[in-house]
There are 2 protein chains.
Amino acid sequence: MARNPQTVRSERTREALRRAAMSRFGAQGVEATSAEQIAEDAGVTLRTFYRHFPSKHDLLFADYDSGLQWFRGALAARPPGEPIVESVRAAIFAFPYDVEALSQVASFRAAELDPERIVTHMRRVEADVFDAVVEHLERRLEDASTRRLDIVVTARCVAAALFGTMEVWMQREERSMSDLAELSHATLSSLEAGLDESGMFRHY
Amino acid sequence: MARNPQTVRSERTREALRRAAMSRFGAQGVEATSAEQIAEDAGVTLRTFYRHFPSKHDLLFADYDSGLQWFRGALAARPPGEPIVESVRAAIFAFPYDVEALSQVASFRAAELDPERIVTHMRRVEADVFDAVVEHLERRLEDASTRRLDIVVTARCVAAALFGTMEVWMQREERSMSDLAELSHATLSSLEAGLDESGMFRHY
DNA sequence: CCGGGTTTTGTCAAAGATGACATAACCCGG
DNA sequence: CCGGGTTATGTCATCTTTGACAAAACCCGG
């Protein structure tokens, strides 16, 4: 009845697929690479490819997901009783952005992916972020069950502030990390003031 | 150089496809109906089907899109100078919810669609909503270009409040429209108070 | 080392979705 | 009513995804 050993073998083929994909993507481009080629390079069947990745394009978003894990961890590490906006701010600012910036998949995304695919995924990430915040608040608050609405709306507003800021920053000509940090800081401060005064969301 | 006459013919096949699809969906279920069957019933090729609908499942979300159009119109009809939250509240509360509730596609969605598909689409709708609010604010405000960040974050928070409320409401056992209205009203009021005091978003 | 239960892959078949190019249907001024 | 430009479809070929079921690889107690 052994559960979820995630037998090394699986992780190996997974990695093989990743490597094969990146190699092909770099050599001939994403769209010009077929899922079958990737599978063959990795020495497995096409069907196995789809067992490891829901779609060919998902190979280009794995880093977002790991970033999300990171965020959850950073949030959980914040001291109890800290205002939620402050926790989020701290978690976000400690994030190792450089990793993302240097990521090879990032360039593939920007270069070839249909923009719609990217924004769709961004929306999913944003949803995951506010889900993480919701979980965090539910874990921290005593009366969480009776304040579900407050919690959900607050979490969504936090994510809205972060991703809205990012959206605006992305549309700029010049995009420096320090600018993004500054904008985020300002937006979060405004949000904090708003939450304090809204009545509904006080006392976090 | 006639542009986009949307020649009646196109609208006819589109309608034929819609009818054929609904008929099949009702008779044998959504997943058990192939795109080819729909196309044949409508007397067109499979390829033509995909020219009218990006995917088979998109047939089940057309009503959301029309609701969005309605929202845009309702927003645009609000008097100039009205605070944004008030405009949104009025637009939302004037919405003819019954139409949606009685929609045939709504039952198909609930009955057969993979939940993930639904939430993904919900996210898109939410994004469209705050895009609508952004456009509205940009049209109404004099200094819109210099306040892009305020506008985007505000719009996202508005959408966050509405959809967050809906999320919580959906998870309830008993779901009455009057409850939803009451919750939405309360949430929007809190948001309004928050926006007023946030400093960044004052004076809308 | 064996045998059974679990996990991972392979096989087969079919549906979903798209790009490229050819045709047919339509629309309009002349 | 004609001819050319535009729009909507049809054809063909290929790729992407997924369900169902079989075979192989692995893991563990005995």
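In the text below, chain A, chain B and the rest are named by the order of the sequence lines, each starting its count at 1. Nothing here was measured: the structure is a model prediction, and the numbers come from that model.
Scanning residues 52-66 of chain B for heavy-atom distances under 4.0 Å to DNA chain C yields B:P54, B:S55, B:K56.
A donor-acceptor contact under 3.5 angstrom links the side chains of B:R124 and B:H121, judged on distance only. Between the side chains of A:S87 and A:H136, not a single donor N or O lies within less than 3.5 Å of an accepting N or O.
The side chain of A:A35 has D:dT16 as its nearest neighbour among D:dT16, D:dA20, D:dG10. Of the candidates C:dA25, C:dT8, D:dG10, D:dG10 carries the atom nearest the B:V44 side chain, counting heavy atoms from C-beta on. Among the nucleotides C:dA20, D:dT17, C:dT11, the one closest to the side chain of A:R51 is C:dT11. The nucleotide whose nearest atom lies closest to any side-chain atom of A:R47 is, among D:dT11, D:dG19, C:dT8, D:dG19. Out of C:dT18, C:dT8, D:dT9, the shortest distance to the side chain of B:Y50 is found at C:dT18.
A:I38 places its CD1 atom 12 Å from the C1' atom of D:dC15, with the value rounded to the nearest Å. Whole-Å rounding puts the A:E40 CD to D:dT16 P distance at 12 Å. Between the CZ atom of A:R12 and the C1' atom of C:dT8 there is a distance of 13 Å, given to the nearest Å. Distance, B:F49 CZ to D:dT11 P: 18 Å, rounded to whole Å.
Residues satisfying the ring pair (Phe, Tyr, Trp, His ring centres under 6.0 Å) test with A:Y50, not counting sequence neighbours, are none.
Exactly one of B:V88, B:D179, B:I92, B:T165 qualifies for a side chain to side chain contact (heavy atoms under 4.5 Å, CB included) with B:S184. That residue is B:T165.
The closest side-chain heavy-atom distance from B:F163 to B:R123 is not below 4.5 Å.
The backbone N or O of B:A91 lies less than 3.5 Å from no partner atom in the side chain of B:W70, so there is not a single donor-acceptor pair.
In this structure, B:S34 reaches the sugar-phosphate backbone alone: every heavy-atom distance under 4.0 Å involves primed, P, OP1 or OP2 atoms, never a base. Residue A:T45 is classed as a base contact, given a heavy-atom separation below 4.0 Å to a base.
Ion pairing between a basic and an acidic side chain is recognised when a charged N comes within 4.0 Å of a carboxylate O; A:R12 and A:E15 show no such pairing.
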